[in-house]
Structure formats: structure tokens, C-alpha cells
Amino acid sequence: MAKFLTNREENYSQWYNDLVIKADLAENSAVRGCMVIKPYGYAIWERIQAELDKKFKATGHVNAYFPLFIPKSFFSREASHVEGFAKECAVVTHYRLKNDHTGKGVIVDPEARLEEELIVRPTSETIIWNTYKNWIQSYRDLPILVNQWANVVRWEMRTRLFLRTAEFLWQEGHTAHATREEAVEEAEKMLNVYADFATNYMCIPVIKGRKSVNERFAGAEETLAIEALMQDGKALQAGTSHFLGQNFAKAFDVQFTNQEGKLDYVWATSWGVSTRLMGALIMAHSDNNGLVLPPRLAPIQVVIVPIYKGNDQLEKISELALKLKSDLENSGMTVKYDDRDTHKPGFKFADYELKGVPVRIAIGPRDIEQGTVEVARRDTLTKETIKTENVIAHIKNLLEDIHNNILQKATTFRKENTYYTDNWDEFRDIIENKGGFVMAHWDGSPETEELIKDETKATIRVIPFDSPDEEGKCIRTGRPSERRVLFARAY
RNA sequence: CGGGGUAUAGCGCAGUCCGGUUAGCGCAUCUGGUUUGGGACCAGAGGGCCGCAGGUUCGAAUCCUGCUACCCCGACCA
């Protein structure tokens, strides 16, 4: 089985690379660091978008679109923001090509230099706050709750499909508020939206918390994040939400008149998730047979494969298959009937397993005779024979079972790979040899975090919200600590 | 951006050291037939500017120079 995939236990990162390609999710393009997201991969992203978009709308947000290009001068307005992104910006300097005078090919027209260079957005805070300045005069104009679905570019040195690409797709929410409290509440609310989505749609349990100063977003006063644990024991940040304070309002002079008639700067948040979630989805659940997709995000939830000899059999089987398909669809499921005659059933079985389709129905002549179908589930790779009249209800329940099982499995895995330690040698041993989350005490200083990072490659993923107050000593320096924080090596 | 590796048919590779028939092999593709309850079999066929651009040579996949992309390891990051 799965003889085309690298074994997960032998070489996890090669397994991941193979899987992305073989499951037809994405491939590298002719442009360095930029991927082509293939139809099946994009279909999963569309499912992610659809569900998140619903949640954004349900929490009062609206979609809009801002430019891809940002004038260079905008970046220098917020000091730490420039510093954070300067090293990875693509810059547009010219607006025209012309024919090369030697005859072949085109060159950049040196006379078409832009007066002000444009930055391809690595994120949109600057252009958006420059715009919000015109939208906001009074407290009556607030809050502004805008999201945009867009692509952004960060010129990464080393890229991996979905996990880190030079161009990626994401959504970025940018909100403006009259009070600090309201903005803080918004940032927390959206983090909860992400956490809920990760858990209940992606079947990935996450730890919510604050980022340390070192890991904070450039320009934020506070960065909140959800962290997920991958099967190789590395952490992956699955969503971030920033409380931006008045930093961008001050940088772009966005003031409003409050109810007391006084001028004040606007309070801001921004929050986002990217196509990196695809990487999380793949790495959290999949196995040596291929993808394992959570039913709520699977583009195809049920596939029906006919097994037949000759057209007579196929006709009978198709009749039942099409009836089942339409009944399942009427019950809200997405179904594909694969009656291609160009591939054998065994090939199709393996192929849909590779692609992570949660449920497969096989119908052969024996089933027609006995009034049954064979139902196989992807997560456990088990099969059972079900009476045809029960199949709709059965599969509806089965999809729920699969959802719960995948989530349960991921939760158990995380539990088994979360360690508590107060001993530095043990800490190093866990990080180096076992991987996983390590809850340990930290003295709260950026210097100590940096030191631990240099020595172990582990960083503080988050300071968890639910980490209880607990007197202790810093794992590295022995200085006093008030609570445990979450350490791990990260993607 | 530093170190290492790779680039030959759609995919995976051999050939490159030591230049010399018509550049091979497996998978995939196409045609015909037999098949179909876990990645089918037999027979035949098609497919190549040897990554790109220069150079050396009577002659270059093979030697030299430059460029580009990908993979692995570091530094940086969602």
C-alpha cells in the first residue's frame, strides 16, 4: 500500500513533500518560492475560506479589498513595522518593458522608473490605516470591522509548499475601535473564532495564548496566537490576532472625536490565517496511505466506486449508485460517483485514500444481489457491509464519527506529547529527542528566551491563557517565574 | 543569504569521470485484445534542442564559463 509515498516514520519532511505532490494539492512553479495550488488543494482552501468567512460575517465583519501595492514611504511610518518586514519585501521600481535593442527579448525600460517605488504587500496595515484616516472622523464612524481575502508576498529564503512560500493566500482582518477595551476584546474574539475553527472544522486542538515580546508582530502591542502540534512533534502557529494599540493610528494620524467632544487616536486590531493552514491540516492527521481529511473540510465527503464486469452489471450498479448519490446529497453531503472505466477499482481505492476522502462506498454485483453496499472509512481504514436501506443514516453518522475520531486522536496525541519539567537537562532531552510541547517556567526576559532558543532551537510558542499561576524557577536561569509557558520547536 | 547536492521523454533514473554509431531503462501515455471485490495482463506504437546562454573542438548530454530552478543543512520568518 501507498508504495508511492515516502514512509512517514522514516523521513517526515519528505513524506510531507511527497504527500502534497501525490495528493495533487500543489506543486512548485517556475517562479522561485511560489507554488501552484492545484484544483484539489484549492478546493480544500475554498472549504476553509467558506467556513471562516461565515464566521467572520457572523461576528459582524464585512469584506473589502485594498491594493496589492503599497507606496514605500508608508512603511517607514511605523518604526517597528518596517524593521519587521524590510528584509523580505518585493519592490516594484519600473512600470514598462521595451524590446531589447539587440533584437531578442525584452528589457526593463530604464526611462520608466517609478518616482516612488511600490512595495508588494507583505501585510496591509499601512495602506489600510492610510485609508481609514479618510473614513473616520467621529466615534459614530466606529467600529470598522473589515476583512480582506488576498495574496501577500514575503521574500522567503527557504520555502516549502504551503508552510512557507514567497507568495501566499490569506485573510487579514483590520478593525478600528473607539476604546482600548473594545479593541482588546475584538482581538480575543477573533482568536476564539480561529480556535473554534481549528478544533471543530480542522479537528486540530490548539493552545491559545499570548506571544512573548520576541515573537510579537511588528507593530503590535500584543500578539495572540493559537498553536497546534504536528505529528513530528513540532509546533505550528495556526492563527494570529494582534492588538495594535494606537500605533498605526498615530503613524497615520487617524483621530476621531469621542462622545466628550475630544480628539483621540483610534484603537486597532488585525488578525489572519493563511494557506499555511493547509500544511497544518496535512501534517496533523495524515498517514502512510495519504491524506486524512476531516469530513467538514473534505471537498468530497463520500466517493462511490462501482465494481462490475460488463455493461449489464454497470447499469444496475449505476442505478443504485446515482440514487444513493442524490439521497446523500439531499442529506447535505458532497458525493462523487466515479464510474470511469479507465481505472480498476483497486486503483481508485488507493487513489481516494491518498486524497483523504473520508468515506468510500463500493458497490458490486454481490451487493446488488444481497441489498448491501460496502462502506469504508479513511481514518481507520476499516470496512463494513451495510444494508442499502440504512446507508444514508449510517453515513451521516459515520461522518460525525470520523470527525470525532480524528479530533480525539489529535487531542490524545497532543496530550501524550505535552511535557511538564523543571529540569534543564530533561528539557533539552525532550526538545532534542522526543519533540512535542514543553510546559516550563521562564523568568519573563527576552534575553533568556533568546538564550534557550540558541541552545535548543525551541521558542516560546505562547504564554497560554489557561496556564495557572504557579510559583516556580526559570528552567534556564533559576530566576523566579509566575507561570509555565509553552516551549517547542516550531515550523 | 552561506555550505552541499541535483537538473537527460509526463514521472523516476542510467549514460557524464575518459567527447565519437541512431541517447537508453522502468513507470506513465496511445492502439488492439483479455480483464474489473485492493494500485491488471499480453502485443504493438509514439514521445528528447540532454535546465538555459555562451565557449572549446572536426565532433559536446559528456570539457570550460555564466545564469536559473529544485532538494538537504544552517541563519531569518506565518
Side-chain angles (χ1 to χ4, degrees), chain A residues 1-6 11 13-14 16-18 21-22 27-35 83-89 102 104-105 122-123 152-172 194 211 214-218 223 225-228 235-242 270-280 289-290 305-311 313-314 317 339-354 360-370 372-374 376 381 383 385 453-454 457 459 461 490-491:
Chain A
M1 286 271 203
K3 53 190 168 189
F4 307 127
L5 272 185
T6 298
N11 186 342
S13 69
Q14 192 58 47
Y16 173 84
N17 292 340
D18 279 6
I21 301 290
K22 300 276 167 57
E27 62 189 32
N28 284 304
S29 71
V31 185
R32 181 197 198 104
C34 296
M35 63 180 162
E83 202 185 320
F85 287 104
K87 289 160 289 178
E88 49 187 24
C89 286
T102 61
K104 283 191 176 171
T123 181
V152 286
V153 168
R154 297 181 188 175
W155 214 259
E156 296 292 345
M157 299 306 171
R158 231 179 116 187
T159 59
R160 285 188 79 191
L161 292 171
F162 291 120
L163 295 173
R164 179 170 301 112
T165 47
E167 180 193 16
F168 56 94
L169 307 183
W170 78 346
Q171 58 68 218
E172 44 182 329
Y194 290 151
K211 285 288 187 184
N214 292 0
E215 299 280 323
R216 192 178 284 164
F217 175 73
T223 287
I226 51 173
E227 288 286 326
L236 188 140
Q237 180 175 303
T240 50
S241 182
H242 314 290
S270 68
W271 29 273
V273 301
S274 72
T275 34
R276 191 176 227 208
L277 284 183
M278 295 284 295
N289 290 297
V305 177
I307 297 157
Y308 60 94
K309 292 179 194 174
N311 269 330
Q313 284 189 359
L314 178 59
I317 290 167
D339 62 348
R340 288 175 300 170
D341 191 37
T342 50
H343 297 274
K344 292 190 56 167
F347 176 90
K348 294 176 186 175
F349 291 177
D351 195 47
Y352 290 111
E353 273 162 21
L354 184 59
R360 179 185 72 231
I361 301 176
I363 310 173
R366 283 207 307 263
D367 295 302
I368 298 288
E369 263 173 46
Q370 294 163 15
T372 61
V373 300
E374 181 191 86
L381 294 166
K383 300 190 264 202
T385 302
K453 185 182 175 185
D454 288 346
K457 293 181 194 154
T459 50
R461 301 321 305 154
Y491 275 97

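Here is how names work: the chains are called A, B, and so on, in the same order as the sequence lines, proteins then strands, and each is numbered from 1.
Taking A:Asp339 as the reference, nothing meets the side-chain hydrogen bond (donor to acceptor under 3.5 Å, both in side chains) condition, with sequence neighbours excluded. Listed by chain and residue number, nothing satisfies the side-chain hydrogen bond (donor to acceptor under 3.5 Å, both in side chains) test with A:Asn311 (two or more places apart in sequence, or in another chain). Partners of A:Lys383 by side chain to side chain contact (heavy atoms under 4.5 Å, CB included), not counting sequence neighbours, listed by chain and number: A:Arg360, A:Glu374, A:Ala376. Checked against side-chain hydrogen bond (donor to acceptor under 3.5 Å, both in side chains), A:Tyr16 has no partners two or more places apart in sequence or in another chain. With sequence neighbours excluded, the residues forming a side-chain hydrogen bond (donor to acceptor under 3.5 Å, both in side chains) with A:Thr123 are A:Glu125, listed by chain and number. Annotation: ring-ring contact (aromatic ring centres under 6.0 Å, His included) contacts of A:Trp155 (sequence neighbours excluded): none. Residues that satisfy the side chain to side chain contact (heavy atoms under 4.5 Å, CB included) test with A:Ala228, not counting sequence neighbours, are A:Ile204, A:Val206, A:Met230. In this structure, the side chain to side chain contact (heavy atoms under 4.5 Å, CB included) partners of A:Lys453, at least two apart in sequence or on a different chain, are A:Glu450, A:Thr459. Contacts of A:Pro122 classified as side chain to side chain contact (heavy atoms under 4.5 Å, CB included), with partners at least two apart in sequence or in another chain: A:Phe75, A:Phe85, A:Cys89, A:Ile119, A:Arg154.
B:G66 and B:U56 are spaced 15 Å apart, taking the C1' atom of each and rounding to whole Å. B:G32 and B:C17 have their P atoms separated by 45 Å, given to the nearest Å.
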Quick one: which protein N/O atoms are closer than 3.5 Å to N/O atoms of nucleotides 26-29 of chain B? Pair and distance per line, please.
none

Nucleotides 6-12 of chain B: which of its N/O atoms have a protein N/O under 3.5 Å away?
none

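Atom CG of A:Asn289 and atom C1' of B:G38 are 11 Å apart (whole Å). In this structure, CD1 of A:Ile317 is placed 11 Å from P of B:G37, rounded to the nearest angstrom. When the C1' atom of B:U36 is taken as reference, atom CD1 of A:Ile363 falls 15 Å away, rounded to whole Å. Rounded to whole angstrom, the span from the NZ atom of A:Lys383 across to the P atom of B:G37 amounts to 11 Å. For the pair A:Glu27 CD and B:A69 C1', the interatomic distance rounds to 14 Å; values are reported in whole Å. If you measure from atom CG of A:Leu314 to atom C1' of B:U35, you get 15 Å, rounded to the nearest angstrom. Separating the OH atom of A:Tyr352 from the C1' atom of B:G38 is a distance of 15 Å, rounded to the nearest angstrom.
When heavy atoms are screened at a 4.0 angstrom cut-off, A:Leu163 is found touching base atoms of the nucleic acid. Within 4.0 Å (heavy atoms only), A:Pro365 reaches at least one base atom of the nucleic acid. Residue A:Arg360 is classed as a base contact, given a heavy-atom separation below 4.0 Å to a base. No contact: A:Thr385 has no heavy atom under 4.0 Å from any strand. Among the atoms of the strands shown, none is found under 4.0 Å from any heavy atom of A:Phe217.
The partner of B:U6 is B:A69, judged by Watson-Crick or G-U wobble contacts that both fall below 3.5 Å. Taking a pair to require two hydrogen-bonding distances under 3.5 Å in either a Watson-Crick or a G-U wobble arrangement, B:A61 remains unpaired. Nucleotide B:C11 has B:G26 as its partner under the Watson-Crick or G-U criteria, with both atom distances under 3.5 Å. Base-pair partner of B:U31: B:A43 (Watson-Crick or G-U wobble, both distances under 3.5 Å).
OP1 or OP2 of B:G37 has at least one side-chain nitrogen or oxygen of A:Lys344 nearer than 4.0 Å.
Side-chain atoms of A:Thr6 and A:Asn11 form no donor-acceptor pair, as typed in the model, at a separation below 3.5 Å.
Considering only side-chain atoms of A:Asp341, the nucleotide from B:U36, B:G37, B:G38 that sits closest is B:U36. Considering only side-chain atoms of A:Phe349, the nucleotide from B:G38, B:U36, B:G39 that sits closest is B:G38.
Residue order along RNA chain B, read from the 5' end via each residue's closest nucleotide, puts A:Gly310 first among A:Arg461 and A:Gly310. Comparing A:Ala166 and A:Tyr308, the nucleotide of RNA chain B nearest to each residue sits closer to the 5' end for A:Tyr308.
A:Lys348 places a side-chain N or O within 3.5 Å of a backbone atom of A:Arg340 that can act as its donor or acceptor partner.
Side-chain atoms of A:Ile368 and A:Tyr308, non-hydrogen and from C-beta on, never get closer than 4.5 Å to each other. In this structure, the side chains of A:Gln171 and A:Trp271 come closer than 4.5 Å at one or more pairs of heavy atoms.
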- prompt: Using a cut-off of 4.0 Å between protein heavy atoms and nucleotide atoms, how would you tag nucleotides 70-77 of chain B 5' to 3' with B, S and -?
  reply: SSSBBB-B
